[in-house]
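Below is one structure; the comments refer to it alone.
Letters go in sequence order (proteins before strands), and every chain restarts at 1.
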Amino acid sequence: MNQYYPKVFLLSLFLIFLQVLIFDRINLFGFMNPSIYIIVLIIHRYDLDQFNYIVVGFLLGFIMDVLSQSAGSHSLSCVTISFLRPLINKFSLGPNYEDFSSPFSDGILTSNKVLYCFLITIIHQIILNAYSYFNWTHTFVILKLTIANSIFTFIVIVSVLNLFTTKE
Amino acid sequence: MQWILGFILRYKNLFLYLFFVAVTLFFSYYQSEYHKSKLFKASIFVTGKTSEPIKKLNSYFKLKKINTQLVEENLYLKSLVIDKSYNSKLEDKNNDSPFRLIPGYVIKNDISSSRNIIVINKGSSDMVKKEMGVIGSKGVVGIVNQTTEKFSSVLSILHKDIKINAKHKKSNSFGSLFWEGNSPDKVTLTDISIINKIDIGDTIVTGGMSTYFPEGIPVGKVIEIESDGIYYSLMVELINNMTNLDNVYIIENINKSEINSLYK
């Protein structure tokens, strides 16, 4: 446990730099960029205190905001995901999710894992885009970006996680 | 105290989340002008919605003070109207009018007898004297009859023995206004010659021939016209509702004793 948070810290830094230097510049079809840094939030273990998880979520989003000059949208989306994760877990993995230590433990159905990843991705994108635009008149643009970026982010994250688990 | 600590510890995740949301909003406020303006608008909306009931409650408790201020303001405006009306007749427009107003409040008002008396909360200590005119928010109310140190009785316009000099506003023709003792909203104006053209709805104002009232204070509107071949007898509907009088103004004519001395 003592070595877990330094690992999380290093992984966060690595993913943030990847995000800022590479993934924020993809601009697929002119507007699609995957948010891969939320992998930190997705793979975080269940058996740890949620208090620490919320702090991790906020710091992750805050560093992203500072590096990408955004006005708090990453912080808000990450900290909300951290706060809502018990609900997302219950909805996607069932009420007994606390029996497992992480979302990718053996015994969790693939469909549940996929639902879990997709829920986190889409909630993150909704809050991120809605807070970036912060205007009801841009609802259509917010929806378009949310759907497109959620799908793109989901594909990239699932690919990266598959690569990672294959290596193990 | 322990209960509060227990509550905070139980919902520590929620409090932490709200704290970070607040930090994020704070960060947005200083980082982005767009978010700053949007958050500012939202804060104005929330502040407006929450402060409105408090403001309403406060204003309820301030009603007495506001009422006093309004009476003072009305007093000033009525003085201006009287001054203007007085000066419009003179060549030298800078003359001060001889009329001064004293604000008062009706504490007893009768309309049921044929000789109705109103009692007001101003007396000789407030410089109220006998035979001063009294007007309400819209028009004539009566004439001061008796004064004590703190109170005065006023002969209401609804008093059978009172006659007031009044005129038809359009034609300037004078007559005597009195109450016949029937309806509390109707008085009669007589002695206006039939050579003047008078229509239903015309305004009747005070004549200014007496020392009680300045010229031009509204009395009412003509609702019925009768004539005996020489004079009209006009039924006038009073502009003031005599049944719900509150604030009144006592008119002091500083030239009154001088004018009255000429009649002796």
Side chain / backbone / both / neither for T80(A) at chain B, heavy atoms under 4.5 Å: both
Parallel, tilted or perpendicular, as decided by the 30° and 60° cut-offs, for the rings of W3(B) and F7(B): parallel
For chain A, the option from N13(B), L25(B), V21(B), L14(B) that forms the most heavy-atom pairs under 4.5 Å: N13(B)
Interface moiety of F26(B) toward chain A, non-hydrogen atoms closer than 4.5 Å: neither
Check: S92(A)/N112(A) side-chain N/O donor and acceptor closer than 3.5 Å: no
Portion of F27(B) that has a non-hydrogen atom of chain A nearer than 4.5 angstrom: side chain
Contact class of D49(A) relative to chain B, heavy atoms under 4.5 angstrom: side chain
Pair N241(B), T243(B): side-chain N/O donor-acceptor within cut-off below 3.5 Å: yes
Region of Y53(A) that comes under 4.5 Å of a non-hydrogen atom in chain B: neither
F58(A) and F20(B) aromatic ring geometry - parallel, tilted or perpendicular at 30°/60° bounds: parallel
Under 3.5 Å side-chain donor-acceptor pair for N33(A) and N27(A): yes
